[in-house]
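Since this is a predicted model, take the numbers as computed values, not measurements.
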Amino acid sequence: MSADWTPELTVNHAQLDEEHLEIFRRLEIAARSLEGTRDAAERAVSTLADAIVENLASEERLMDETLYPDRSRHRAAHELFMADFASMRDELREKGPTPLVAVWLGVRLPEWLRFHIRVNDAPLAAHLARRRPSEPGVVRWRRTGTHHVS
């Protein structure tokens, strides 16, 4: 488990908590991979990207399916983050594991994740907890991603 993840980041929604923890695990692996080869770093960042894309797609599906009232703002945060992540990934592809990439993986990404979980995901989880399975707009989660990272 990553040192950046703490129990305070738990939102009490099993699926989201599991996905968040997996992101932090992969983030730790990606940050450590910068000490190795460029190919190893690119593979680790790709695996991290997969976990992030899966989580963002899950959140957006849950927001849409339950008619979450703050979904536009939450989705906008995802879009800004993914654009920034793509820039970091481009830096890695073009120049290798530079100090900028190291700062991004070691500081910027963990800070964004902690902030996003507390400010955006916790209220979403509270909204989901208030929903009853028999209410309209509530459907089961299923895996189908819509986010892509180049």
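At a threshold of 4.5 Å between non-hydrogen side-chain atoms, the residues Leu16 and Leu128 count as touching. Contact check for Asp84 versus Arg108: side-chain heavy atoms found under the 4.5 Å cut-off. Side-chain contact between Leu48 and Leu105: present, with at least one pair of heavy atoms (C-beta onward) separated by less than 4.5 Å.
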Practice item. Determine, stepwise, if the pair Trp104 / Leu92 fulfils side chain to side chain contact (heavy atoms under 4.5 Å, CB included). Key: CA-CA 11 Å; Trp104 215 93; Leu92 177 60; over 6 Å; no
Exercise for review: Could you walk me through whether Asp64 and Arg75 pass the salt bridge (charged side-chain N to carboxylate O under 4.0 Å, His left out) test, one step at a time?
Suggested key: CA-CA 10 Å; Asp64 289 342; Arg75 183 174 279 116; 3.0 Å; yes
Exercise for review: Test side-chain hydrogen bond (donor to acceptor under 3.5 Å, both in side chains) on Arg89 and Ser46 and set out the steps.
Suggested key: CA-CA 9 Å; Arg89 203 163 180 196; Ser46 180; 3.2 Å; yes
Review point. Given Trp5 and Leu113, is the side chain to side chain contact (heavy atoms under 4.5 Å, CB included) satisfied, shown in steps?
Key: CA-CA 9 Å; Trp5 184 91; Leu113 287 168; over 6 Å; no
Exercise for review: Output, in order, the C-alpha distance, side-chain angles, deciding distance and verdict of side chain to side chain contact (heavy atoms under 4.5 Å, CB included) for Phe85 and Leu80.
Suggested key: CA-CA 9 Å; Phe85 188 91; Leu80 288 171; over 6 Å; no
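Remark: the backbone N or O of Arg114 is not paired with any side-chain donor or acceptor of His20 at under 3.5 angstrom. At least one donor-acceptor pair closer than 3.5 Å links the side chain of Asp17 to the backbone N or O of His13. Without hydrogens or angle criteria, His116 side chain to Trp112 main chain gives no donor-acceptor distance under 3.5 Å. Between the side chain of Thr10 and the backbone N or O of Pro7 there is at least one donor-acceptor pair closer than 3.5 Å.
With values rounded to the nearest 0.5 angstrom, Asp70 atom CG is found 8.0 Å from Ser72 atom OG. Distance check, rounded to the nearest 0.5 Å: CD of Glu59 to CG of Asp121 gives 3.5 Å. Taking CD of Glu19 as the start and CD1 of Ile52 as the end, the distance is 12.0 Å to the nearest 0.5 Å. In this structure, NE2 on His127 lies 10.0 Å from CE on Met63, to the nearest 0.5 angstrom.
The hydrophobic cluster around Leu100 extends to none of the other residues, as no ILVMFWY side-chain heavy atom falls under 4.5 Å of it.
Of the N and O atoms on the side chains of Asn120 and His78, not one donor lies less than 3.5 Å from an acceptor on the other residue.
Counting all heavy atoms, side chain and backbone alike, Leu27 lies closest to Pro110 at CD2-CG, 3.6 Å. Closest approach of Leu62 to Thr66, counting heavy atoms only: O-OG1, 2.7 Å.
For Arg26 and Asp50, the salt-bridge test fails: no basic side-chain N is under 4.0 Å from an acidic carboxylate O. Ion pairing of Glu22 with Arg25 is present here, as a side-chain N (NZ or NE/NH1/NH2) and a carboxylate O approach within less than 4.0 Å.
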Side-chain donor/acceptor pairs under 3.5 Å, residues 30-37, sequence neighbours excluded:
residue: Arg32; atom: NH1; partner: Glu28; partner atom: OE2; Å: 3.3
residue: Ser33; atom: OG; partner: Ala30; partner atom: O; Å: 2.6
residue: Thr37; atom: OG1; partner: Ala40; partner atom: N; Å: 3.0

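Taking the six-membered ring where the residue is Trp, Tyr68 and His74 present perpendicular rings, their angle passing 60° and hence far from 30°.
For the side-chain contact (heavy atoms from CB on, under 4.5 Å) test with Glu91, the passing option among Lys95, Arg93, Met88 is Lys95; the others fail.
When the side chains of ILVMFWY residues are joined at heavy-atom separations under 4.5 Å, either directly or via intervening members, Val45 and Ile29 end up in two distinct hydrophobic clusters.
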